[in-house]
Amino acid sequence: MKYHTLYIALALATATSAQAVTLRIADQKGNMRAEMASAHQLDNLNYTIEWAEFPAAAPLAEALNAGAVDAGIIGDAPLLFSLAAGSQVKAVAVSKSVPAGLAVLVRPDSPIKTAADLKGKSIATGRGSIGHLQALKTLEQAGLSDKEVVWRFLQPADARIALSNGSVDAWATWDPYTALAEVTQTGRVLVNGVGLATGNSFLAATDAALNEGDKRAALQDYVNRLAAADRWANSHVSDYAQTLAKIIGFPPAAAEKSFSRRQSHWQSIDDNTVQQQQETADFYHKYGLLPKTLDVKPTFYRGLTVAQGG
């Protein structure tokens, strides 16, 4: 009887300990939380999630750097700037997607027909954003220097207005903004990111969270649920697009176009992903956006795996 009582006490202590684990997750509107909730992957957790929603990657990266959150979703470019600033953050899983929604847009009636026509024109984008990368890659492919255009560094909402009223000639942006412009016929894709960008986004976690056993275990479970939610959404595109449209406040057609063409899936960090990130870092350094060369290898953590299928 004594041993039985001790066993129950230990079991209760273990359950209480597991339940006491809290993951502070940084998200962007219409991203992980929306997908996981739609797929019922937030049901029956043995840990608690505290969500923090951010309007863009830059403030999310700041929260990670400050240790205000344990993990968050972040694009390859913002992750590089975070690491260059000396943050104690590691990429633990990667979302691979087709970058068809990453694009340089012009107005539908614009005389600009090819990337070469951007010479001397103004381009709106976020400085250091994936849109900035797309614009630079587009110019380079056309044989143009970044000095041969006029840069207007604006947030997406302001850039959209600037393109519409003719304040800028082009806008380098990403989905769902690209899809919205196409569906509402307020923008025309000049060049998209296929063949120019990696399409990689990362789940990044702080060193502190990874060094804490219970949080690391919770993060492993979270990663697998996130991957399962993405598989569900990709097999229920129309259903998920309705939910996504409500969350982001965009027409269902734009939400569906944005999500369906990504063909996203989460996977474990591999050598190819590390090499792609190194090439992106070198590209940004070439254009002076990173002040010094950056070795990205130490910024990846391979202790978490992503379950596939099912």
Side-chain angles (χ1 to χ4, degrees), residues 28 55-62 74-82 84-85 99-199 250 254 258 279-294:
Q28 295 183 55
L60 188 155
E62 290 175 8
I74 191 169
D76 52 1
L79 179 61
L80 284 173
F81 291 111
S82 174
L102 176 62
V104 176
L105 301 174
V106 295
R107 288 183 300 283
D109 61 350
S110 172
I112 298 172
K113 303 300 182 186
T114 69
D117 296 335
L118 290 169
K119 184 175 182 178
K121 301 297 193 294
S122 55
I123 303 175
T125 194
R127 182 176 175 82
S129 68
I130 190 64
H132 197 177
L133 175 73
Q134 172 65 18
L136 290 169
K137 290 273 190 178
T138 297
L139 294 173
E140 189 174 85
Q141 188 180 58
L144 296 176
S145 159
D146 60 321
K147 305 293 192 298
E148 293 182 274
V149 298
V150 178
W151 296 98
R152 291 283 306 282
F153 295 119
L154 301 170
Q155 291 298 313
D158 296 326
R160 184 183 174 209
I161 293 171
L163 182 68
S164 296
N165 65 23
S167 298
V168 297
D169 299 300
W171 174 25
T173 190
W174 51 88
D175 270 337
Y177 303 106
T178 300
L180 179 63
E182 291 176 287
V183 167
T184 59
Q185 298 184 347
T186 56
R188 168 169 54 85
V189 172
L190 183 69
V191 179
N192 72 26
V194 177
L196 296 180
T198 65
F250 281 15
S258 169
E279 290 170 0
T280 301
D282 294 343
F283 184 83
Y284 271 115
H285 175 61
K286 180 171 73 171
Y287 283 96
L289 292 167
L290 285 175
K292 59 182 180 180
T293 56
L294 182 68

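Computed from a prediction, not measured in an experiment: that's the story for all the values here. Computation of the quantities below employed the complete heavy-atom set of this structure, encompassing side-chain atoms and omitting hydrogens, waters and symmetry-equivalent molecules.
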Side-chain donor-acceptor distances from residues 170-178 under 3.5 Å, at least two apart:
{"from": "Asp175", "atom 1": "OD1", "to": "Ala179", "atom 2": "N", "distance (Å)": "2.9"}
{"from": "Asp175", "atom 1": "OD1", "to": "Arg261", "atom 2": "NH2", "distance (Å)": "2.9"}
{"from": "Asp175", "atom 1": "OD2", "to": "Arg261", "atom 2": "NE", "distance (Å)": "2.8"}
{"from": "Asp175", "atom 1": "OD2", "to": "Arg261", "atom 2": "NH2", "distance (Å)": "3.2"}
{"from": "Thr178", "atom 1": "OG1", "to": "Gly101", "atom 2": "O", "distance (Å)": "2.7"}

Counterpart residues, side-chain contact (heavy atoms from CB on, under 4.5 Å), relative to Thr184 (two or more places apart):
Leu180, Thr186

Keeping to residues at least two apart or across chains, list the salt bridge (charged side-chain N to carboxylate O under 4.0 Å, His left out) pairs with something in residues 185-197.
none

Nearest 0.5 Å please: distance from the OG1 atom of Thr198 over to the CG atom of Leu102.
9.0 Å

Can you list every pair that meets side-chain hydrogen bond (donor to acceptor under 3.5 Å, both in side chains) and has a residue in residues 141-155, with sequence neighbours left out?
none

Show me the donor-acceptor pairs, under 3.5 Å and distance only, between side chains in residues 282-290 and residues at least two apart or in other chains.
{"from": "Asp282", "atom 1": "OD1", "to": "Gln278", "atom 2": "NE2", "distance (Å)": "3.1"}
{"from": "Tyr284", "atom 1": "OH", "to": "Ser129", "atom 2": "O", "distance (Å)": "2.9"}
{"from": "His285", "atom 1": "ND1", "to": "Leu290", "atom 2": "O", "distance (Å)": "3.0"}
{"from": "Lys286", "atom 1": "NZ", "to": "Glu140", "atom 2": "OE2", "distance (Å)": "2.7"}
{"from": "Tyr287", "atom 1": "OH", "to": "Glu140", "atom 2": "OE2", "distance (Å)": "2.9"}

Heavy-atom pair of closest approach, residues Ala254 and Phe250:
CB-CB, 4.5 Å

With rounding to the nearest 0.5 angstrom, report the CG to CG distance, Leu133 to Leu196.
8.5 Å

With Thr138 via side-chain hydrogen bond (donor to acceptor under 3.5 Å, both in side chains) - residues at least two apart:
Gln134

Scan residues 153-171 for pairs that pass salt bridge (charged side-chain N to carboxylate O under 4.0 Å, His left out), counting only residues two or more places apart or in two chains.
none

Nearest heavy-atom neighbours spanning Leu154 and Ala162
CD1-CB, 4.1 Å

Does Ala142 have any side-chain contact (heavy atoms from CB on, under 4.5 Å) partners at least two apart in sequence or in another chain, and if so, which?
Ala115, Leu144

For side chain to side chain contact (heavy atoms under 4.5 Å, CB included), just list the numbers for Leu190 and Leu105, CA-CA rounded to whole Å, side-chain angles, deciding distance to a tenth of an Å, and then say yes or no.
CA-CA 6 Å; Leu190 183 69; Leu105 301 174; over 6 Å; no

Heavy-atom closest pair, residues Ser122 and Val168:
OG-CA, 3.2 Å

How far does CG of Asp76 sit from CG of Leu79, to the nearest 0.5 angstrom?
8.0 Å

For Pro111 and Asp117, the nearest pair of non-hydrogen atoms, with its separation, is O-OD2, 4.2 Å

Separation of Lys121 NZ from Ile123 CD1 (nearest 0.5 Å)
10.5 Å

Across all chains, not counting sequence neighbours, the side-chain contact (heavy atoms from CB on, under 4.5 Å) partners of Asn165 are Ile161, Ser167

Please list all pairs meeting ring-ring contact (aromatic ring centres under 6.0 Å, His included) that have one or both residues in residues 108-128, counting only residues at least two apart or in different chains.
none

Using the side-chain contact (heavy atoms from CB on, under 4.5 Å) criterion, which residues pair with Pro59? Sequence neighbours excluded.
Phe54, Pro55, Ala56

On a heavy-atom basis, the closest approach of Gln185 and Pro108 is O-CG, 3.3 Å

Show me the pairs that pass ring-ring contact (aromatic ring centres under 6.0 Å, His included) and involve residues 103-130, at least two apart or across chains.
none

